Amino acid sequence: MIKVALPKGRLGEKVYGLFEKAGYECPSIRENNRKLIFENPEKQICYFWVKPSDVPIYVERGAADIGVAGKDILLEHAPEVYELLDLGLGKCRMAVAAPKGFRDTGERTLKVATKFSSIARRYYAEQGRDIDIIPLNGSIELAPILGLSDVIVDIVETGTTLKENDLEVVETVLPISARLIANQASYRFKAGEILRLTETVKEFMTHD
Ligand code: PRP
């Protein structure tokens with residue numbers, strides 16, 4: 001049996017749709033919206049819904065054999081897992097954004113509000129720019145509006161949240177997409193099943 005940690009929400013539903021097409025269906029998952037764990041013994045597959053940022057923890061510690069997590073979460077937390085496949089889903093970008101017209105003159109320490117402290121630190125260290133991180137957990141866009149920070153480092157998908165709050169992208173930090181990851185021991189002990197699943201899912205991926 002392969003245990004799969006899926007990120008709860010829109011991305012996870014798309015990922016499940018892909019796995020279903022690839023022959024790893026588990027019909028009960030579509031019938032119940034409160035249950036968190038679903039098994040299809042016939043297909044030797046078991047899914048659980050996990051908070052997206054927790055997926056790498058389940059996989060790293062072996063509670064799940066494989067899982068799906070955004071590249072943002074993988075770069076931020078650097079879990080010891082294998083990255084097997086870019087699923088091409090959940091595409092967005094990590095970007096620096098600021099109030100319209102903002103220019104960094106480089107004269108003083110830049111205040112950066114973000115949920116992604118490690119990514120932001122690394123990005124500015126590469127540029128030799130001194131920064132002060134303001135760690136937040138959500139609604140990051142508020143920080144520069146209220147003067148809590150100069151800029152934000154955050155996920156931009158459609159750009160609507162920035163637009164609605166009079167912010168704009170200053171620089172793109174990295175492109176992001178969902179990745180299939182595996183527990184290191186599972187990858188050895190369930191090599192056949194995991195490789196077969198990876199290859200089959202790959203065949204059913206739509207390329208845009
Ligand atoms: C993310 C991100 C932005 C928004 C970007 O937030 O932090 O706020 O999506 O999407 P857009 O470019 O399509 O508007 P999320 O919904 O994950 O909630 P959060 O406030 O908890 O970060």
Side-chain angles (χ1 to χ4, degrees), residues 1-77 79-94 115-116 137-139 154-161 175-208:
M1 170 97 49
I2 305 185
K3 291 178 285 177
V4 190
L6 289 177
K8 211 171 173 183
R10 221 155 34 98
L11 173 63
E13 274 155 34
K14 277 192 203 161
V15 172
Y16 173 71
L18 173 59
F19 278 51
E20 188 180 47
K21 266 200 290 177
Y24 293 91
E25 72 274 15
C26 186
S28 55
I29 208 168
R30 296 211 185 267
E31 289 157 17
N32 194 322
N33 54 16
R34 284 287 171 180
K35 240 179 95 146
L36 296 173
I37 181 157
F38 302 90
E39 222 178 273
N40 183 354
E42 195 196 316
K43 294 283 173 175
Q44 285 291 291
I45 197 102
C46 170
Y47 293 101
F48 20 94
W49 292 122
V50 169
K51 186 178 158 90
S53 53
D54 288 342
V55 168
I57 300 171
Y58 282 79
V59 175
E60 184 175 38
R61 292 176 176 262
D65 298 307
I66 59 173
V68 173
K71 187 68 180 171
D72 50 334
I73 293 161
L74 298 174
L75 287 169
E76 182 64 20
H77 301 290
E80 290 189 18
V81 297
Y82 294 133
E83 195 178 306
L84 304 180
L85 187 62
D86 181 346
L87 291 168
L89 295 171
K91 281 191 186 168
C92 53
R93 59 183 164 148
M94 180 75 61
K115 253 197 299 201
F116 301 94
N137 294 303
S139 302
D154 201 16
I155 299 287
V156 179
E157 193 182 349
T158 59
T160 312
T161 311
I176 304 289
S177 57
R179 309 298 163 101
L180 180 65
I181 57 172
N183 171 269
Q184 296 184 344
S186 302
Y187 188 74
R188 277 195 301 278
F189 296 116
K190 298 186 181 178
E193 295 102 300
I194 292 179
L195 285 175
R196 200 173 320 121
L197 181 145
T198 308
E199 285 310 311
T200 317
V201 164
K202 205 169 170 178
E203 278 172 34
F204 283 86
M205 273 168 45
T206 45
H207 301 279
D208 44 50

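Every value quoted in this text rests on a predicted model; they were computed, and no experiment measured them.
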Working for side chain to side chain contact (heavy atoms under 4.5 Å, CB included), residues Glu25 and Lys43: CA-CA 7 Å; Glu25 72 274 15; Lys43 294 283 173 175; 3.2 Å; yes
Side-chain contact test, heavy atoms from C-beta onward, threshold under 4.5 Å: evaluate it for Leu11 versus Pro52 and give yes or no. no
For Val156 versus Cys92, what's the shortest heavy-atom pair and its separation? O-CB, 3.3 Å
Residue set satisfying ring-ring contact (aromatic ring centres under 6.0 Å, His included) with Phe189, at least two apart, ordered chain then number -> none
With a 4.0 Å cut-off on N to O distance, would you call Glu157 and Lys91 a salt bridge? no
Sole residue of Leu180, Leu87, Thr206 in side chain to side chain contact (heavy atoms under 4.5 Å, CB included) with Leu18: Leu87
Partner of Asp86 under salt bridge (Lys or Arg N to Asp or Glu O under 4.0 Å), chosen from Lys202, Lys71, Arg179: Arg179
For a quick test of reading the model, state the closest non-hydrogen atom pair linking Pro79 to Leu74 and the distance between them. CD-O, 3.5 Å
Pairwise distance CE(Met205) to OG1(Thr200) - rounded to 0.5 angstrom: 12.5 Å
With a 4.5 Å cut-off on side-chain heavy atoms, are Val50 and Pro7 touching? no
Go through the steps for Tyr58 and Phe48 under the test side chain to side chain contact (heavy atoms under 4.5 Å, CB included), then give the verdict. CA-CA 10 Å; Tyr58 282 79; Phe48 20 94; 4.3 Å; yes
State, yes or no, whether a side-chain contact exists between Leu197 and Glu193 at a heavy-atom distance under 4.5 Å. no
Would you check if Leu75 and Phe116 make a side-chain contact, meaning some heavy-atom pair closer than 4.5 Å? no
Enter the distance from Glu199:CD to Leu84:CG here, rounded to the nearest 0.5 Å. 10.0 Å
Check against salt bridge (Lys or Arg N to Asp or Glu O under 4.0 Å), Lys8 and Glu13: CA-CA 8 Å; Lys8 211 171 173 183; Glu13 274 155 34; over 6 Å; no
Which pair of non-hydrogen atoms, one from Ala69 and one from Val55, has the smallest distance, and what is that distance? CB-CG1, 4.2 Å
Please name all residues satisfying side chain to side chain contact (heavy atoms under 4.5 Å, CB included) with Asn183, sequence neighbours left out, ordered by chain then number. Val59, Ala185, Ser186
Listed partners of Asp65 passing salt bridge (charged side-chain N to carboxylate O under 4.0 Å, His left out), at least two apart: Lys190
Taking C-beta and beyond as the side chain, do Gln184 and Glu60 meet within less than 4.5 Å on heavy atoms? no
Where Met1 and Pro41 come nearest, the two heavy atoms and their spacing: CE-CA, 4.2 Å
Do Leu195 and Tyr187 come within less than 4.5 Å of each other through their side chains, counting heavy atoms only? yes
Can you confirm whether or not the ring centre of Tyr16 sits under 6.0 Å from the ring centre of Tyr47? yes
Determine, step by step, whether Ile155 and Met94 satisfy the side chain to side chain contact (heavy atoms under 4.5 Å, CB included) criterion, reporting the C-alpha distance in whole Å, the side-chain angles of both residues, the deciding distance to 0.1 Å, and the verdict. CA-CA 5 Å; Ile155 299 287; Met94 180 75 61; 3.8 Å; yes
Side chain to side chain contact (heavy atoms under 4.5 Å, CB included) test vs Ile66 passes for just one of Ile194, Leu85, Ile181, namely Ile194
Measure the spacing between CD1 of Ile45 and CD of Glu39 and express it to the nearest 0.5 Å. 10.5 Å
Would you compute the distance between atom CD of Glu76 and atom OG of Ser53 and round it to the nearest 0.5 angstrom? 10.5 Å
Should we count NZ of Lys21 as having more than 12 external heavy atoms under 6.0 Å? yes
Would you say that Val4 contacts Ile2 through its side chain, given a criterion of any heavy-atom pair below 4.5 Å between the two side chains? yes
